[in-house]
S.K.: 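Handing you this structure, nothing more for now.
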There are 2 protein chains.
Amino acid sequence: MNLKQLSHMLSLSQTTVSRALNGYPEVNEETRRRVMDAAKRHGYRPNPSARRLATGKTGMIGYVLPTGTSVDIDPHFVEFLSGLGDYARSHELDLVLSPADADDQETTYRRIVANRQVDAVYISSPRPADRRVALVNTLGIPFIVHGRSEGFDFDYPFTDIDNEGAFHEAARLLVQLGHRRLALINGDDRETFAIHRERGVRRALAASGLTLGERHVCSVVMTEENGYRATRRLLEQGDAPTAIACSSLIMALGVVRAVRDLGLTIPGDLSLIAHDDVFPWLKPENFSVPLSTTRSSIRLAGARVAERLAARISGLEEGARGEVWPVDLVVRGSVAGAPA
Amino acid sequence: MNLKQLSHMLSLSQTTVSRALNGYPEVNEETRRRVMDAAKRHGYRPNPSARRLATGKTGMIGYVLPTGTSVDIDPHFVEFLSGLGDYARSHELDLVLSPADADDQETTYRRIVANRQVDAVYISSPRPADRRVALVNTLGIPFIVHGRSEGFDFDYPFTDIDNEGAFHEAARLLVQLGHRRLALINGDDRETFAIHRERGVRRALAASGLTLGERHVCSVVMTEENGYRATRRLLEQGDAPTAIACSSLIMALGVVRAVRDLGLTIPGDLSLIAHDDVFPWLKPENFSVPLSTTRSSIRLAGARVAERLAARISGLEEGARGEVWPVDLVVRGSVAGAPA
DNA sequence: CAGAAAGGCCAAAGCGCTTTGAGAGACTTT
DNA sequence: AAAGTCTCTCAAAGCGCTTTGGCCTTTCTG
């Protein structure tokens with residue numbers, strides 16, 4: 001059942017039927033009802049391929065997926081996707097993942113824009129002066145950055161959480177509890193979120209005349225193993241920290257294991273606060289010692305990004321507004337006063 | 001730069017240019033070279049929207065993504081996706097995720113097929129007599145099932161691992177080590193993989209005249225918390241098992257925590273084997289007691305599924321061949337003889 | 001009551017590609 | 001030399017939608 005057939009059986013032109021269906025004003029309400037009715041009865045669904053050829057609109061949002069045998073997709077992605085998908089569903093949007101060589105995403109971005117394969121894209125895990133952001137900005141496709149970049153001479157729309165504020169609060173709490181030697185086990189410090197978190201910790205320390213020692217900050221891919229290694233290194237050196245802020249729950253697993261291996265305890269010997277993106281399958285309150293966290297649902301962020309993308313596609317949102325969500329500090333058993 | 005312009009500057013018809021580019025035989029090799037050359041020089045890329053309208057081919061593979069506020073996407077998905085994406089990239093395929101109400105995926109499958117939105121689809125986490133499999137089979141779109149369904153009067157193409165064999169081996173090892181009371185902490189037993197794993201365990205036990213007690217098998221969503229709860233329940237009841245087979249590494253985290261909470265040890269009081277899908281961010285050898293596992297890279301499976309989908313799209317593969325991959329049993333410190 | 005404005009509808013021209021059916025030449029075959 | 005084959009190329013007809021520009025009525029204005 002295509003438009004031609006439908007208009008034929010209604011004895012109307014394709015023009016009128018198309019307009020009736022798409023809500024254009026220049027069609028009689030009575031006629032529109034007839035058309036709508038017939039369309040529903042015959043299960044007419046406009047062919048998207050034809051529509052996109054005519055309009056350029058695809059009803060899809062895009063994401064360039066860095067791949068490669070040695071490239072791992074972040075497990076956070078799946079939670080973000082849950083939120084994104086949930087919103088997208090309610091708006092009949094599909095998501096197209098375009099796999100790209102992790103070292104050459106530009107080609108793929110250019111392709112999906114030139115080919116009009118999607119109506120909008122989002123970018124995640126941005127770095128300072130991220131080339132992808134600059135690229136999509138010049139390419140002129142609607143986009144939202146999940147996270148933040150820095151150092152451009154233009155503004156861009158983003159949704160981010162207050163990473164600096166979160167880690168500032170976390171560190172401030174630890175300092176208040178008497179800790180003087182903090183350490184930060186961070187994610188990849190080429191990414192903005194990690195930079196912001198470090199900044200937050202430093203600012204809190206500075207407020208009390210303290211500093212974050214060179215050897216007290218590590219930047220690693222966020223795996224359990226790396227959390228373990230970083231902690232061993234931190235705790236086995238002289239000048240061991242009495243408190244650790246950690247950028248992910250998965251790394252925190254490794255921290256806990258290392259502490260246990262060393263015969264130490266949390267929070268007696270070490271206080272620990274980690275960032276929690278709220279996974280359904282791993283919860284901070286279920287750590288052997290309930291884990292204090294800075295909490296922000298990455299799933300909600302996914303939904304929000306989808307919402308903004310949809311708004312931009314339909315022209316309801318424009319401009320370069322960035323939004324920063326506050327982060328909850330949730331105190332549980334893993335923090336205590338500094339050991340004497 | 002479109003076909004019209006290109007053919008114009010070559011003083012050829014669109015037909016000839018199109019054929020030259022698409023490798024049709026009825027065009028002079030000399031002409032073809034000229035065309036290819038000009039196309040490359042001017043960066044001509046056929047407009048996919050137009051092409052798909054004309055041919056119905058999209059260059060995309062589809063996946064219907066069950067969503068909903070209370071629906072969690074399995075973290076395994078991201079690893080599978082890594083493999084799938086890596087292969088898809090090398091073949092210029094995109095992946096489109098169509099979010100659907102988890103309780104009504106049929107509508108979405110029908111839509112993407114009717115609209116010719118993708119060239120092929122894959123189905124994951126199938127259940128026995130899975131309606132999705134029956135549906136795509138009748139809809140006639142190329143597909144591959146990742147996993148297996150059961151109980152159809154037709155065959156279908158799938159790629160699965162030998163879940164039954166893997167858990168059979170695992171259980172057999174435990175029995176050989178003298179364990180008489182095994183327990184199985186399984187995933188959702190409405191899914192085929194879980195059924196097969198249980199079958200494997202039962203078969204191994206039966207071979208030694210043992211059985212899997214009603215209260216010794218649990219079927220839960222695979223989270224750390226559920227692993228913990230299941231283990232507490234198992235170990236605190238009379239008739240506590242001396243060995244556990246567990247369907248996921250994440251649940252195994254909970255098992256380990258529960259054992260520790262109860263003041264017991266692995267493998268002294270309890271032997272543990274878990275299934276490992278090979279995550280980059282959580283490795284069995286890094287458990288406080290290195291974890292024995294049945295190991296199979298879900299990432300490789302993703303790549304294989306993509307490969308087969310590509311083959312089916314291009315007509316290189318047809319028929320309903322199913323393939324079953326063997327699973328490695330990797331013995332580490334978490335198993336030992338049954339306690340006396 | 002003439003002229004303008006608005007309302008409702010349509011034919012046809014795209015969108016950019018593939019594919020059908022046919023034709024012009026060159027080259028064999030009888 | 002007429003007829004039949006190949007080889008290469010083309011014009012034109014789709015694919016199924018949206019959108020432009022225009023036409024015919026009807027209704028409003030002065």
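Heavy atoms only: backbone and side chains are in, while hydrogens, waters and symmetry mates are out. Protein chains get the first letters and strands the later ones, always in sequence-line order, with residue 1 at the start of each.
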S.K.: Could you state the NZ-P distance from A:Lys57 to C:dC15, rounded to the nearest angstrom?
M.R.: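 Taking NZ of A:Lys57 and P of C:dC15, I get 18 Å after rounding.
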S.K.: For the residue pair A:Thr192 / A:Arg127, report whether a side-chain donor-acceptor contact shorter than 3.5 Å exists.
M.R.: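 No - no donor-acceptor pair under 3.5 Å links their side chains.
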S.K.: Could you list the residues that satisfy side chain to side chain contact (heavy atoms under 4.5 Å, CB included) with B:Met36, not counting sequence neighbours?
M.R.: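 B:Met36 satisfies side chain to side chain contact (heavy atoms under 4.5 Å, CB included) with B:Leu21, B:Arg32 once adjacent residues are dropped.
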S.K.: To the nearest Å, give me how far apart CD (A:Gln5) and P (D:dG16) are.
M.R.: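 After rounding, the gap between these two atoms is 8 Å.
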S.K.: Exactly one of A:Glu323, A:Arg321, A:Arg148 should register a side-chain hydrogen bond (donor to acceptor under 3.5 Å, both in side chains) with A:Thr159. Which one does?
M.R.: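 Single side-chain hydrogen bond (donor to acceptor under 3.5 Å, both in side chains) partner of A:Thr159 among A:Glu323, A:Arg321, A:Arg148: A:Glu323.
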S.K.: Whole angstrom is fine here: how far is it from CZ in B:Arg45 over to C1' in C:dC17?
M.R.: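 My rounded result for the distance is 15 Å.
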S.K.: Check side chain to side chain contact (heavy atoms under 4.5 Å, CB included) between B:Arg19 and all other residues, then give those that pass, not counting sequence neighbours.
M.R.: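 By the side chain to side chain contact (heavy atoms under 4.5 Å, CB included) rule, B:Arg19 matches B:Thr15, B:Tyr24, B:Glu26.
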S.K.: Hey, does the side chain of A:Asn47 come within less than 4.0 Å of D:dC15's phosphate (OP1/OP2), counting only N and O?
M.R.: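 Answer is no, no contact under 4.0 Å.
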S.K.: Does a side-chain N or O from A:Tyr24 land closer than 4.0 Å to OP1 or OP2 of D:dT18, or not?
M.R.: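 Checking D:dT18 against A:Tyr24, no side-chain N or O comes under 4.0 Å of OP1 or OP2.
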S.K.: Take the protein atom CG of B:Asn22 and the nucleotide atom C1' of C:dT19, then report the distance between them rounded to whole Å.
M.R.: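 In whole Å, C:dT19 C1' and B:Asn22 CG are 11 Å from each other.
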S.K.: Show the distances under 3.5 angstrom between N or O atoms of the protein and N or O atoms of nucleotides 4-11 of chain C.
M.R.:
unit_1, atom_1, unit_2, atom_2, d
C:dC9, OP1, A:Thr31, OG1, 2.8
C:dC9, OP2, A:Asn28, N, 3.0
C:dC9, OP2, A:Thr31, OG1, 3.3
C:dC10, OP2, A:Ser13, N, 2.8
C:dC10, OP2, A:Ser13, OG, 3.1
C:dC10, OP2, A:Thr16, OG1, 2.7
C:dC10, N4, A:Arg19, NH1, 3.1
C:dA11, N7, A:Thr15, OG1, 3.3
C:dA11, N6, A:Thr15, OG1, 2.5

S.K.: Return the value, rounded to whole Å, for the distance between atom CZ of B:Arg52 and atom P of D:dC17.
M.R.: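 So the two atoms are 14 Å apart, to the nearest Å.
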S.K.: How would you list, by chain and number, every residue that makes a side chain to side chain contact (heavy atoms under 4.5 Å, CB included) with A:Ser98, sequence neighbours excluded?
M.R.: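 Expected list: A:Val96, A:Thr108, A:Arg111, A:Ile112, B:Asp94.
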S.K.: Does C:dC17 have its OP1 or OP2 closer than 4.0 Å to a side-chain nitrogen or oxygen of B:Ser18?
M.R.: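 Answer no for this pair, as no side-chain N or O of B:Ser18 is under 4.0 Å from OP1 or OP2.
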S.K.: Mind checking whether B:Phe152 and B:Phe154 have parallel, tilted or perpendicular rings, split at 30° and 60°?
M.R.: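 The rings of B:Phe152 and B:Phe154 lie parallel, inter-plane angle below 30°.
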S.K.: Please report the distance, rounded to the nearest Å, between CG in A:Leu6 and C1' in D:dC17.
M.R.: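 For the pair A:Leu6 CG and D:dC17 C1', the rounded distance is 13 Å.
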S.K.: Return the 5'-most residue of the pair B:Arg34, B:Leu53 with respect to DNA chain D, ranking by each residue's nearest nucleotide.
M.R.: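 Whichever sits nearer the 5' end wins; that is B:Arg34.
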S.K.: Given atom NZ of A:Lys4 and atom P of D:dT18, what is their separation to the nearest angstrom?
M.R.: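 From A:Lys4 NZ to D:dT18 P: 15 Å.
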S.K.: Taking the ring centre of each residue, are A:His146 and A:Phe80 less than 6.0 Å apart?
M.R.: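 Yes, the ring of A:His146 comes within the 6.0 Å limit of the ring of A:Phe80, centre to centre.
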S.K.: Taking the axis from the first five pairs and the axis from the last five, what angle separates them in the helix from C:dC1-D:dG30 to C:dT30-D:dA1, rounded to 10 degrees?
M.R.: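 Axis-to-axis angle, ends of the helix: 50°.
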S.K.: Rounded to whole angstrom units, what separation is found between the CZ atom of B:Arg51 and the P atom of C:dC17?
M.R.: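 My rounded result for the distance is 9 Å.
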S.K.: Which residues pass the side chain to side chain contact (heavy atoms under 4.5 Å, CB included) test with A:Leu300, sequence neighbours left out?
M.R.: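 Listed in chain order: A:Ser297, A:Trp325.
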S.K.: Which is it for A:Leu84 and A:Tyr122 under the side-chain contact (heavy atoms from CB on, under 4.5 Å) test, yes or no, and what are the steps along the way?
M.R.: CA-CA 11 Å; A:Leu84 187 88; A:Tyr122 82 89; 4.0 Å; yes
